[in-house]
Each structure stands twice: as C-alpha cells, then as structure tokens.
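Input: a single structure, listed below in structure tokens.
Order of the sequence lines sets the chain letters (A, B, ...), proteins ahead of strands, with each chain counted from 1.
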Amino acid sequence: MAKSPYKDTILLPKTSFSMKADLLAREPQIQKRWKQMDLYAKIREARAGREQFILHDGPPYPTGEMHVGLAMNKVLKDMVVRYKTRRGYDAPYLPGWDCHGLPIEFKVMQELREAGETPPKIDIRKRCKKYAETYVKKHKKQFIALGVSGEWDAPYLTFLPSYERGVLSAFAQMVGEGYVYRSTKPIHWCFDCETALAEAELEYNTKTSPSIYVNFALCSSVADLFPGLKPLHVMIWTTTPWTIPANLAIAVNERFTYTAVTYEKDGQSTSSIMAADTVEKVMAAIGATNFTVGPTATGKQLIGLRYDHPFMERTGPVVSAEYVSLEEGTGCVHTAPGHGADDYITGLNEGLEILSPLDSKGRYTDEFPSMQGVQVYDANDKLCDLMAEKGALAAKAAVSHSYPHCWRCNNPVIFRATEQWFVRVDHKDLRQRATEQIQDTRWIPGWGQSRITGMVADRPDWCISRQRSWGVPIPAFYCANCDRPLLTQKSVEAVNEIVGARGTNTWFELEPDEFLQGRFECDGCGGKTFRKEEDIFDVWFESGTSWRAVVQQNDHLRFPADLYLEGTDQHRGWFQLSLLPSVALEGVAPSKTVVTNGFIVDGSGQKMSKSKGNFISAEDVLGVVGADIFRLWVSSIDYKDHIFVDMAGIQEMATSYRRIRNTMRYLLGSLHDFDPKANAVPADRMLPIDRWAVAQGNELIRRVTQYNDDYDFHKTFQAIQNWCAVEMSSFYLDVLKDRMYTFAPDSNERRSGQTAQWLLLHAFVKLTAPVLVHTAEEVWQTMAEAGLLAKDEPAESVHLAAHPEPADVDAAPELLEKFGKLLAIREDVLREIEKLRADKTIGNALETHVTITSTDAEVLALLTDEQKNLASYFIVSDVQVAASADDSFVPGQAVPTLRIKVEKSAHPRCERCWNFRPAVGDHAEHPQLCDRCAAVVTGG
RNA sequence: GGGCUUAUAGCUCAGUUGGUUAGAGCGCGCGCCUGAUAAGCGCGAGGUCGGAAGUUCGAGUCUUCCUAAGCCCA
C-alpha cells in the first residue's frame with residue numbers, strides 16, 4: 001500500500017520503552033542499579049521518623065533447593081512491606097534464617113559417617129555452620145533475584161552470638177520466673193551407641209519379635225458388669241515383653257464395646273476381657289480350643305478398674321486413650337509410660353510415673369531388682385517364662401514386622417525415658433493468658449484463630465532439650481558430687497555474659513568454672529564443682545524467641561511486631577512457640593496480626609516432592625519467566641487456600657504481564673509530546689470522557705488500597721487486569737486514538753486526553769510497583785527521561801514514590817452513571833456492527849454510519865444529548881439519533897429499549913483520519929481530507 | 001482416628017444478610033484491523049456451582065453425610 005502523504009502529520013505514540021520485556025536480562029541490571037544506589041538505605045532515610053510497620057520475618061531453614069512455596073512466601077512479605085512503605089510507613093525488613101537444627105546436623109553426620117569419622121562436638125558444629133552459611137548465601141542470592149527488598153547485608157542468623165544472646169536472655173528470664181523444670185520423657189535410644197536418636201536417624205527394617213498375649217488379673221470387683229466371672233482378667237497383646245516390668249496401666253477406648261470371654265486352653269478355663277470385635281481373631285491367635293462370649297460393657301465402664309501386675313508388687317488402673325484401635329491386639333493396650341510415645345502421653349494425662357528401669361546400655365536397673373543387669377533383648381524369654389509360671393501368659397508366638405533400627409550400628413532401638421528440660425505451660429496461667437492473646441490477635445484467614453486455640457488448649461508441656469550438637473546449648477550445670485542440677489536466672493546470665501558475646505562454641509571449649517567463677521554452689525550438698533549440661537535447645541525455642549533476639553534487640557524495630565506472615569504449618573510451629581515465651585515474659589502476643597499462606601500442591605492437587613517429580617524450585621521459576629512474572633503470579637492467587645501450581649500456570653502469567661506492560665507502554669507513547677508543566681489541562685476544561693477516565697483511575701486506586709489493606713492481593717490483580725483490558729484498552733484508549741493521532745498537537749481536546757493519560761500512568765505505575773518491582777521501575781525511569789514526573793516526585797526510583805492519591809479531577813456521579821449507560825449502548829452497537837463485518841459488507845468499523853433511537857424517553861434524551869460524541873465513543877464515522885424506529889432497526893440486548901441500524905457509510909474516506917465524512921473533497925488544496933483534518937494540516 | 005481447611009466455566013478469581021436466565025479477566029474458536037503490530041479491536045462457545053440427602057415457596061449461599069486433597073496431630 002502506498003504511503004499516504006498525510007502519514008507524517010499523524011501523531012503516533014512514540015516511546016523508548018520496549019514492547020519486549022526481556023525480563024531475564026533486564027531484571028539483574030535493574031537490581032544492580034538499586035544496589036549501587038543503595039536504594040534500601042534511601043528508602044529507610046526517606047521514611048525515618050514515620051510511623052513504623054514491622055513485619056517480622058519468620059526464619060526459613062537454609063537447606064537444599066529453594067521450594068517455590070518459600071519463594072512465594074518471601075514475595076508476599078515483600079509486597080506487604082513495599083505497599084506499607086508506599087503508604088508512608090517506615091517498614092524495615094530484616095530477613096533471617098533458622099540455621100541450627102537436626103536437618104543440617106543430620107546431613108553433616110551422614111557425610112562424616114560415610115567418611116568413617118567421629119569428630120568431637122565442636123568440630124561437628126563448625127562443619128554445620130559452614131553448611132548453613134553455604135545455603136544462606138544461595139538463598140539470599142535467590143531472594144534478591146526475586147526482587148525482595150531488605151537488609152540483605154546484615155540478616156539475622158540464629159547462630160550469631162547476638163542472636164544466641166537473645167535466646168539465652170529469654171531463657172534466663174523464664175528460669176527466673178519458674179517456667180523451666182526437669183523431668184523424664186521417653187525417646188528413641190540406641191543401647192549400643194548409648195545415644196538418643198531423632199526420627200530421621202532411624203531406619204525401619206524388618207525384625208522378628210515375640211508376640212505375646214498376657215492376662216492381667218483384675219483386683220477390682222466387677223460383679224455388676226460381669227457377674228459370676230472370677231477370676232477375671234484383662235488381656236493385652238505386645239511385641240515387647242521387656243516393657244512389661246514398666247507396665248503401669250492398661251488403656252481402652254471409651255467408645256468400643258468390650259466383652260468377657262471364657263476360653264479353654266491346655267485343659268484350663270480362663271476368663272478375659274477384650275474388645276468384642278477382636279474375640280474371634282484373638283481366640284484363633286492364642287489357640288483356644290473352645291470359648292464362650294459373656295456379657296458386654298463399654299470401654300467407658302471399664303475405666304477405673306484395677307488389676308494386679310503379673311509379677312511386680314503393684315496394681316494398675318484401666319485408663320482411657322483415644323488412640324486405642326481394633327486393628328491389632330485385643331483393644332486393651334499395655335501401657336508403659338517410660339517406653340512409648342503414646343504411653344507417655346497417657347501417663348501424663350493420668351498422672352502416672354514415667355517409669356523406665358533401664359540404664360544407657362539397655363540393662364535393667366535396681367528398679368527391677370530380680371533382673372538387674374539383664375539386657376532387654378536377653379530378658380524377653382526370661383520374662384515370658386516368668387509370666388507363664390504365674391499363669392499370666394496366654395500365648396506366645398513370633399511376629400515379623402517393621403521396626404526402627406539405629407542408622408549407625410543397625411541395632412534395634414528402644415524407647416527409654418530420660419531426663420529432659422521442660423517449659424511448664426500452665427505455670428502462672430500461661431495457657432490461659434496465651435489463649436486470651438490469641439483472641440486479641442488478628443488472624444487472616446480467620447479460621448487460624450480456632451486452629452491455634454485448639455493447639456494451645458491441647459498441648460502438653462514443652463520439651464525444650466535435645467541430645468544433639470548443632471544448636472544453642474542449654475546452660476545448665478550438674479553438681480559433680482550429688483548430680484543435682486544448677487539452673488537459675490543468675491547462672492544462665494553468668495553464662496550468657498561470655499557466650500552471648502563470643503558465641504556458643506565457648507560453652508564447649510571452656511571449663512564450668514570459667515562461667516561460674518566460684519560464685520555458685522549446689523543447693524543440695526553445697527558443692528562447688530560442676531559439670532556442664534550436654535543437651536541443646538529445641539530449635540523451636542530459638543526461633544520462638546526471635547521476638548526477643550531480633551525484634552527487641554534491634555533498635556530500628558519495635559515490639560510487638562505488626563505482622564507475622566508464614567505458612568499454615570506454623571500455627572503449631574513458629575506462631576505457637578513464639579506466642580508462649582512472648583506471653584510468658586512480656587504478657588502480649590509477639591505480633592498484632594498473623595497472616596498465613598496455604599500450601600503449594602501440584603496441578604492435580606498433590607503435594608510437591610522431589611521423589612514424585614513434581615517439585616518446582618525457585619530456580620526453575622527464575623530461569624524461565626523471571627521475577628516480575630512470578631511475582632505477578634503470586635499476586636494473582638488467593639494464597640490463603642491451597643495453591644495449585646505448575647510451570648504452565650506460571651508461564652501463562654506472561655500473557656497478563658504483557659497486557660499490563662503494553663498498557664503502560666501505550667500511555668508512555670501517547671505522552672511523547674506532553675510536558676505536564678506546560679500542557680496539562682485544568683479539570684474544568686477536560687473533556688467529559690477524559691474526566692470519566694480519570695475517575696476510573698481514582699476508583700482503581702480506592703479499590704486497590706482497600707484490597708491491599710486487607711491483604712487480598714489477588715483482588716488487586718483482578719482489578720488491575722480488568723482495568724487494563726476493559727476500561728482502558730478496549731474502550732478509553734481505543735476511543736482516544738482518533739483524537740490523539742489526528743487532532744492538532746496543542747489542541748485542548750488532545751491535551752485534555754494527554755492530561756488524563758498522564759494522571760492514569762502515574763497512578764497505575766505506582767499501584768503496580770509493589771508487585772512488578774522491576775517493570776514499574778523501568779517505566780518510571782522512562783517517565784523521568786521523558787520529563788513526565790512531577791517536580792516533587794523522586795526521579796531516582798519509583799520505590800521512593802508514594803502510593804497514589806485519587807486525582808483531583810473527580811467526576812460527578814452523574815457522569816459515571818451516564819458513561820455506564822453509554823457503555824451498555826456501545827456494547828449493543830458493536831454487536832450490530834459485527835454483523836456487517838461478518839457478511840463482508842465492511843472491514844473497519846469506521847466504514848459505518850449508525851442510526852440509533854430508543855423507545856425509552858430517558859435513553860433517547862441521553863442519546864440526543866451526547867449525539868456529537870457518539871461516533872467517537874463507538875469508533876464509527878457518523879451517528880444519527882432518530883426520533884423513532886422502523887422495521888429496519890434492531891433492538892438492543894444490554895439496553896432492550898434501544899433501536900439500532902448500522903449501514904455502510906455513503907461518504908468518502910478521509911486519507912488522514914480514515915473517517916468517512918461528507919466534507920471530504922471540499923477543501924481545494926487538500927481534496928483527500930475531511931474538514932477537520934484540512935484545518936489541522938493548514939494550521940487553521 | 002482427631003482438629004482446622006479447601007472443592008464455582010480449560011486457568012485464576014467474584015458471587016453481599018439464601019431470591020429473577022451463576023459473573024469477570026485470561027485462554028480457546030471465528031473474524032477484523034495493519035496508525036499500540038512478536039501489538040490492538042469485535043463477536044462467540046464453555047460451568048447448574050465436587051457428590052448425595054435435607055431445611056425452605058426458593059440454595060452456589062444454611063444442615064447432615066460421602067468423596068478427593070492439604071496442614072497439624074495421633
């Protein structure tokens with residue numbers, strides 16, 4: 001097609017802002033510039049003295065490839081911090097990492113095991129530290145690449161002395177206030193290595209164990225429930241005969257039905273209680289030759305009965321436990337609180353002793369004198385013989401089952417009760433006060449409140465000690481003479497003076513008296529010589545006191561924090577275990593608001609894991625779509641629910657991104673010859689549609705503000721996306737083209753449109769800045785270069801600019817209402833135009849001439865009123881409003897009273913503006929032009 | 001097994017205190033434009049709201065049960 005001689009008189013959009021985003025290449029450059037100018041420090045400086053908003057970062061664990069869920073959580077935090085900053089708050093972000101703990105120690109121990117080394121604790125700790133540092137570095141790099149803004153030069157790490165000092169200061173205070181005590185608890189124990197084992201250090205292998213059924217004779221009277229059956233027993237089943245000496249109770253399930261069975265075996269008749277549904281199976285298992293089922297009772301009715309231990313001089317109670325099932329055994333569970341996790345809980349609930357008569361080599365102690373010194377696996381047969389002798393052994397067989405073994409020596413492990421340190425949850429009404437604080441905290445989503453309330457209500461005392469190396473040592477001492485523990489607020493503070501300054505490695509390096517300096521004595525025997533505790537803290541105690549170690553110990557932060565934002569798994573974890581110390585020591589929850597995100601699942605709703613092959617890492621995302629598109633994806637989802645994610649879904653975000661980018665690009669291009677100082681049109685001289693457009697921008701600002709305040713970022717995303725596509729691209733910007741391209745450059749009409757676009761661009765780039773951190777910056781720099789910033793706006797970075805206020809060009813409600821109707825009318829008109837296009841009568845809508853009317857007087861009045869603008873709103877060449885319609889008119893759908901007729905225009909086409917107008921050909925010098933264009937070209 | 005949670009078009013989300021033919025954007029299909037062009041515009045086809053029962057004149061929206069999935073426990 002030959003180029004029109006008038007082409008050069010058209011004012012097309014022009015901008016250096018490229019259509020292609022090329023985020024993978026551009027984002028690192030933008031980040032580099034931010035680092036060079038130290039943008040984070042500049043923001044702090046700009047907000048100094050303002051009201052603070054403190055988001056306290058929950059420290060992630062630095063190991064392995066970064067899960068996309070962690071990347072998402074960090075981006076959510078960043079969006080909050082950036083939004084609050086834009087709203088004028090001083091919102092510092094101090095990120096951290098939870099560096100201690102078993103996963104790292106486990107990895108290091110694995111390496112050492114493969115190398116056949118068993119170095120001392122201090123060396124293990126050094127290797128762990130190195131490992132943690134490596135991954136902290138990796139994570140940090142990726143967080144920065146995700147565009148997360150924060151104090152990356154000085155993050156908090158839980159192995160730093162400054163942090164450890166905070167943990168110990170909180171601990172000292174808790175000791176001082178009486179929350180800490182020492183008691184026993186069963187843990188996995190290897191009697192060959194003589195060490196405690198964590199779940200991760202167990203290997204489940206098949207093992208053959210004895211399978212025994214034992215009758216415990218009831219000593220309570222049961223004549224009312226089971227008349228005439230005496231002696232009556234309760235039958236249990238177990239695979240660990242060696243735990244029978246520590247039996248202190250039998251557990252039943254209250255909801256089950258139990259019955260007394262009288263059976264014959266080896267010519268003897270015995271009556272035993274068991275769950276009704278297990279009778280057949282049990283009778284077969286013990287080889288009973290004949291049996292009769294007696295009366296029944298509910299589990300609840302059995303509770304409180306007492307029985308004689310088969311060979312120990314004591315009686316035990318029948319107690320209730322929810323976990324009792326019918327899948328194995330008799331529905332009556334042998335309970336030894338010192339030898340099992342469930343048993344232990346039951347023991348606590350029932351106030352039983354945590355009996356564990358074993359030494360570290362797995363031999364009975366003097367608490368079971370008749371077999372003192374016998375190792376548990378040697379004892380199994382002896383005990384069976386003993387019970388058979390007493391008539392208690394109903395049957396004995398062997399069973400092959402999966403059983404935990406030590407990962408080091410491959411020996412089967414046992415549960416053994418050991419001395420541990422605990423925090424007493426009911427001391428000083430802590431549970432009650434914590435529950436009250438939960439009520440006073442804002443939980444988003446709201447159900448988080450009931451979730452954590454239930455957890456706090458049910459939880460047992462907190463066991464804070466671990467038999468590991470990689471963590472903060474528990475600074476307790478034991479009297480060398482009488483073994484009594486020494487742990488007071490003062491003793492902890494004495495240790496903290498040294499450890500808090502030089503790090504906790506000193507605990508392993510120095511002698512006890514270098515901490516105690518002879519200032520302490522055993523309050524049992526008065527002894528002055530001590531040995532050090534070997535245990536470390538549960539890592540949850542470390543992260544659970546981060547409000548002290550980080551928020552309180554840093555002058556630029558404030559306690560309590562405004563916001564904690566983590567995954568919903570942290571209701572039990574970090575939220576609860578921060579709440580307890582915080583309420584204990586400060587009387588308040590550590591954060592005013594707690595937001596939780598759901599868990600990431602793959603496209604089919606399954607959990608993500610490397611073994612399933614559906615794992616997506618932060619690296620995967622950053623390498624394919626870049627940070628801004630990933631961030632846009634994060635903003636698009638309702639993170640409060642489960643989050644379905646696959647790479648295809650994230651990649652689809654590129655489409656939404658392009659729409660937003662192109663909208664901004666078009667606005668930039670439209671403003672290529674606009675100087676806000678010289679060309680801005682005052683509100684009262686702006687065209688109605690331009691005022692309407694600005695009003696739409698104002699409405700977008702209000703909605704986004706509300707959504708962001710409510711942490712509903714996905715609603716912000718929807719609003720922005722719709723605004724780009726609906727209000728802007730398909731209507732306003734499309735309608736504006738004729739005016740922007742063909743009107744005289746400095747005409748009021750054109751400057752009015754530019755003023756609106758200028759205001760809209762400003763609002764829009766600021767609204768998207770918390771999400772599209774790089775793209776918004778790119779736009780902003782283009783604006784700065786083009787002289788499009790107001791004089792009070794920071795040219796250095798969009799991130800120094802504030803959240804937009806609605807522009808002072810607000811339109812009257814009548815105007816909004818009018819355009820609402822006009823848009824509905826437009827929809828109907830466009831549908832009619834489409835029919836001409838479909839039958840090839842026309843191509844471009846400008847080829848049409850529209851005649852329109854309505855049977856509704858009000859609508860007709862609106863049409864008449866707006867007649868001169870209708871052609872531009874519909875993007876057709878001419879619109880006539882008729883008084884009435886005949887059969888050639890078609891009714892509307894959105895506005896049913898509408899009557900529309902669309903015809904091909906009879907007029908010639910203007911070479912310049914492409915409108916079909918009667919005046920084309922009238923101008924002598926420019927016969928190809930319409931009157932309007934002729935006037936522009938001749939400058940008239 | 002328990003506590004908490006989720007389930008609306010292919011995707012991401014809206015659906016106010018239960019009330020007319022369940023909405024939007026994207027994607028998809030068809031077409032237009034070639035003066036936002038690895039862009040832009042228009043039209044259109046897709047859900048009966050995870051399943052079942054119930055309450056009600058009326059339920060996506062309340063109740064119960066079931067199914068699938070997630071977190072935390074056991």
Side-chain angles (χ1 to χ4, degrees), chain A residues 1 3-4 6-8 10-15 17 19-20 253 255 321-327 341-342 345 445 447-455 457-459 567-573 576 596-608 633 635-638 640-646 648-649 652-656 658-659 661-670 712 714-715 717-726 729-731 733-738 740-742 827 829-840 842-847 875 912-914:
Chain A
M1 194 185 295
K3 190 182 162 188
S4 162
Y6 297 106
K7 173 107 178 170
D8 294 338
I10 299 289
L11 296 162
L12 293 178
K14 204 163 72 186
T15 177
F17 187 86
M19 181 177 283
K20 194 172 184 318
N253 193 316
R255 295 170 304 162
E322 275 292 311
Y323 56 79
V324 173
S325 80
L326 298 170
E327 298 192 355
D342 284 340
I345 299 292
W447 50 260
Q449 185 165 39
S450 42
R451 188 166 150 94
I452 191 170
T453 300
M455 289 167 172
D458 291 343
R459 67 152 304 130
T568 173
D569 56 332
Q570 302 302 340
H571 279 120
R572 174 161 283 271
Q576 187 202 182
T596 50
N597 60 259
F599 265 69
I600 300 251
V601 293
D602 72 9
S604 55
Q606 304 286 313
K607 182 180 175 169
M608 226 175 234
W633 174 81
S635 86
S636 78
I637 50 164
D638 185 354
K640 296 186 276 306
D641 292 337
H642 317 136
I643 301 146
F644 293 85
V645 52
D646 49 38
E652 273 170 29
M653 268 299 127
T655 315
S656 298
R658 261 185 257 124
R659 167 71 77 162
R661 183 180 177 91
N662 275 329
T663 300
M664 293 200 276
R665 176 170 185 265
Y666 185 76
L667 291 170
L668 282 168
S670 229
D712 278 335
H714 67 291
K715 291 187 179 173
F717 168 79
Q718 301 263 345
I720 282 178
Q721 193 177 229
N722 282 14
W723 190 81
C724 278
V726 181
S729 196
S730 81
F731 178 59
L733 297 181
D734 211 26
V735 164
L736 212 46
K737 284 171 188 166
D738 181 58
M740 297 309 298
Y741 300 171
T742 69
E827 192 185 316
V829 171
L830 294 182
R831 191 177 300 109
E832 288 310 309
I833 293 172
E834 184 62 20
K835 289 179 184 164
L836 268 68
R837 202 178 272 132
D839 68 19
K840 305 287 178 196
I842 59 154
N844 193 319
L846 282 174
E847 293 172 47
I875 318 187
R912 183 167 175 277
C913 71
W914 296 350

Task: Minimum side-chain heavy-atom gap A:I637-A:H714 below 4.5 Å - done: no
Open item on the list: Once you apply a heavy-atom cut-off of 4.0 Å, does A:W633 come out as touching a base, just sugar-phosphate, or nothing?
Closed with: nothing
Task: Contiguous Watson-Crick or G-U pair runs (3 or more, under 3.5 Å) in RNA chain B - done: B:1-7 with B:67-73, B:10-13 with B:23-26, B:28-32 with B:40-44, B:50-54 with B:62-66
Task: Base-contact (B) and sugar-phosphate-only (S) positions in nucleotides 36-42 of chain B, heavy-atom cut-off under 4.0 Å, - elsewhere - done: BSSSSSB
Open item on the list: Using a heavy-atom cut-off of 4.0 Å across all strands, would you classify A:I10 as base, sugar-phosphate, or nothing?
Closed with: base
- [ ] Measure from CD1 on A:I643 to P on B:rA7 and round the result to the nearest Å.
- [x] 14 Å
Open item on the list: Closest approach to the side chain of A:S636, judged atom by atom: which nucleotide of B:rG35, B:rG15, B:rU12 is it?
Closed with: B:rU12
Open item on the list: Students often get this wrong, so: under 4.0 angstrom with heavy atoms, is A:K840 touching a base, only sugar-phosphate, or nothing?
Closed with: sugar-phosphate
Open item on the list: Could you check B:rG46 for me: syn (within 90° of 0) or anti?
Closed with: syn
Open item on the list: Testing the 3.5 Å rule here: is there a donor-acceptor pair between the side chains of A:R912 and A:S4?
Closed with: no
- [ ] Could you run through nucleotides 66-74 of chain B and give me one letter per nucleotide, 5' to 3': B if any protein heavy atom sits under 4.0 Å from the base, S if only the sugar-phosphate is that close, - if neither?
- [x] ---BBBSSS
TODO: Have a look at A:R661 and say if it touches a base, only the backbone sugar-phosphate, or nothing, with a 4.0 Å heavy-atom cut-off.
DONE: nothing
